[in-house]
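Here is the structure we will look at.
Below, chain A is the first sequence line, B the second, and so on; all start at residue 1.
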Amino acid sequence: MMEDMNPVLVTTDELLAPGHRACQGCGEALAVRLVCKALGRDTIIVNATGCIEIISSALPQTSWRVPWIHTLFENVGAVVSGIESAYKVLERKGKRKRRKITFAGFAGDGGTADIGIQALSGALERGHNILFCCFDNEAYMNTGIQRSSSTPYGAATTTSPAGKRSIGQMTWKKDMPEIAVAHGIPYVATACPSFPIDLMRKVRKGAMIEGPAYIHILSQCPTGWRQPPNLTIEVGRLAVETGVFPLYEVERGEYRLNFDRYPLKPVREYLMKQGRFRHLTDEVVEEIQRKVNEKYEKLREKAGLK
Amino acid sequence: MNEGGPRGKGRVVGLEGSHAVSEAVKMANTDVIAAYPITPQTHIVERLAEMVADGELDAEFICVESEHSAMSACIGASAAGARTFTCTSAQGLELMHEVLYVASGMRFPVVMVVMNRALSAPLSIWCDHSDAMAVRDVSWIQMFAENNQEAFDLTVCAFRIAENRNVLFPAMIHMDGFYLSHVIEDLVIPDEKEVRDFIPDYEYPFPLDPERPVSMGCFAPPYIYPEIKKAQEVAFERSKTEVKSVLHEFGEVFGRSYELIESYRMDDASIAMLMMGSISETAMLAVDELRDDGCDVGLLRIRLWRPFPFEELRDAVRDIDTLIVVDRCVSYGMGGPVCAEIKSALYDEPRRPKIVSFIAGIGGRDVTVDHFKQMFMQGIERAKSEKTKTDEFVMFGVRE
């Protein structure tokens, strides 16, 4: 499964320097660190406004050892398009020497699936040679845990609180990887820092492939998920093992399930580790279980496992 | 102001205003163009797309999905060290609004032409300056062109000004939609080589480059934000010197020189009318006719709108008694925005003219020579009466 990535060969280079200001147990900071290791120094990163930008860039300090730019919340797709185009033309005109550089866009779920989806869709459609990583912590964590379209059904957030008349988030999570697939781009994958080698392999593959690549990374958030910081890795594992967040990749339209633990663990094991789901009744948990089963079966079908 | 026919160094060609801009962008050997279509800006990008398709211009043309992305892509390209251009109008400029502040705050010398157009609602594709006035505070160098020769020349100068190491601010050239964009005029187009010599290859001081990693766009806590903003204001204010010197150098090389504020028949005038953009050419005819009738009137036109030319304005109105300001925009609940700024700039002057405010030509309504004569006459009357205090401004020629 992870044939082309030897854990022993993972670089000790830290391109996201230690000493940043992320919360204890932050899955996103870990994911970014792993992505940077996979990308190496010949990378230019465009970062949306959000947790990662805030924890890494308070003037006059920076955590970045690679060229990094932040401008706004919703425009990563466009800014990274501009950089990639600039390099293309400057190299063609001989104003810059040719070299392989990865143009990476980083955004949270809001900067990807909500406010940033237009710029991202434009960038994918135009076919820029970019790698876009969505660090999905399933709500607007930086502003204080407000719901996004990527927040899962039943999760309590500050703008989708559980109450007498509400189970929390009333809508199902937007399927962003499938939206990326629908653009017909050469590479789409899901990943989670609880599976670091798988994550780094996918990042490397996405960076090597000519054309747009999209990687959707589940990024555990102890603060917003109401989960003890020391459970970050375990919660990520459970997300995958219960089928709530399956690890798969779609290369030129071909689906491949990277981790197919079948039958799945019950979703309850994943949900009950997190305070954001603690109000859920058995009925709602059942409803979530049915939905997860249904989606997982469809995914297995697409991957030719049925 | 442009009196008489084409002049200066180059060949005379009949060219549409939009295509004149495209020509300037081509001659600047622009690297990246990112734009989204909006009337009346479209002809610029259509022509540029043709130039790229035909290999006349070696550039990346990014057909973005919105103006917000157009400016964002320009920022990215500029950060990577490319010479960048975009253009838009009205709603497009408004959609870019927050990105404009980023371009200037991060000191990217993006050049943009704005084909001025009214803002919705109601929808109007026709000219006025509401789009320009909505972006007064964005820290972009802004100049208003009177005609298409000037539009070409200012676009060329804009690259040179914006990319100067002592400047590094984005620059916006305003052109009146349709009145300039879609009008064919005889223009003097200089030799491409001379234009390239005038705008040498550009090197951004700290581009995004893995060989020399930089962090751009870090956030600023309260202990550092005001210092950064003051540095920006000081640098922006100083860029005026560079604007002046580039315009003068352009004059020396190409035979057409431009001032920050233009005056017409102002030598012995006691009454002046002030405006921006293309309507001044019509107003000049009104001045000529009134002069023939013995009125000592003259005309002032602001070319450099930002940074604001305080000294030049004070000098220009030093000897006049009455100043009639014609705005092409309404600042609702306030009046004419240009007039408000003129009043504020002159407030501390020991001797200042009576100032009368008109708003005319919004949403593409034509302003004729007769209209200007009427505004002169009414303006002179209003200046004499005490009424100016209660009658802050008049929207000229509007049916009630």
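Residues A/Glu74 and B/Glu98 have side chains in contact (heavy-atom distance under 4.5 Å, counting atoms from C-beta outward). Two residues are said to be in side-chain contact when any heavy atoms from C-beta on lie closer than 4.5 Å; B/Pro210 and A/Ile44 meet this criterion. Taking the side chain as every heavy atom from C-beta outward, A/Leu72 and B/Ile75 never approach each other to under 4.5 Å. Contact check for A/Arg92 versus B/Glu60: side-chain heavy atoms found under the 4.5 Å cut-off. B/Val64 is not listed as a side-chain neighbour of A/Ser81, based on a closest heavy-atom distance of 4.5 Å or more. Within the 4.5 Å cutoff, the side chain of A/Pro67 has no heavy atoms near those of the B/Phe206 side chain. The shortest side-chain heavy-atom distance between B/His68 and A/Gln118 does not fall under the 4.5 Å cut-off. Taking the side chain as every heavy atom from C-beta outward, B/Val99 and A/Thr71 never approach each other to under 4.5 Å.
Taking A/Arg41, A/Glu84, A/Lys88 one by one and counting their heavy-atom pairs under 4.5 Å with chain B, the maximum is reached by A/Lys88. The choice from B/Asn29, B/Val32, B/Ile228, B/Asp209 that makes the most heavy-atom pairs within less than 4.5 Å of chain A is B/Asp209. Chosen from A/Val66, A/Asn47, A/Ile45, A/Val46, the residue pairing most often with chain B at heavy-atom distances under 4.5 Å is A/Val66. With chain A as the partner, the residue from B/Gly105, B/Ala82, B/Ala34, B/Ala70 showing the most heavy-atom pairs under 4.5 Å is B/Ala82.
Minimum heavy-atom separation, A/Pro60 to B/Tyr223: CD-OH, 3.9 Å. Closest of all the heavy-atom pairs between A/Thr62 and B/Ser215 is OG1-OG, 2.6 Å. Between B/Cys218 and A/Ser57, the shortest heavy-atom distance links the atoms CB-O, 2.9 Å. Residues A/Ile69 and B/Ala79 come closest through the heavy atom pair CD1-CB, 3.8 Å. Between A/Ser85 and B/Ile62, the shortest heavy-atom distance links the atoms OG-CD1, 3.2 Å.
The only member of B/Asp201, B/Asp31, B/Asp58 that meets salt bridge (Lys or Arg N to Asp or Glu O under 4.0 Å) when paired with A/Lys93 is B/Asp31.
Counting non-hydrogen atoms of other residues, nucleotides and ligands closer than 6.0 Å to NZ of A/Lys97 gives a total of 12 or fewer. Annotation for B/Phe219: atom CZ counts as buried by contact number, over 12 foreign heavy atoms lying within 6.0 Å.
For a residue to count as touching a neighbouring chain, one of its non-hydrogen atoms must lie under 4.5 Å from one of that chain's; by this rule B/Phe108 touches chain A with the side chain only. Looking at A/Arg96, only its side chain comes within 4.5 Å of chain B, counting heavy atoms on both sides. Heavy atoms closer than 4.5 Å to chain A are found in the side chain of B/Ile224, but not in its backbone. Both the backbone and the side chain of B/Glu211 come within contact range of chain A, each with at least one heavy atom under 4.5 Å from a heavy atom of that chain.
Taking CG from A/Asn75 and CE from B/Met96, the interatomic distance works out to 12.5 Å, rounded to the nearest 0.5 Å.
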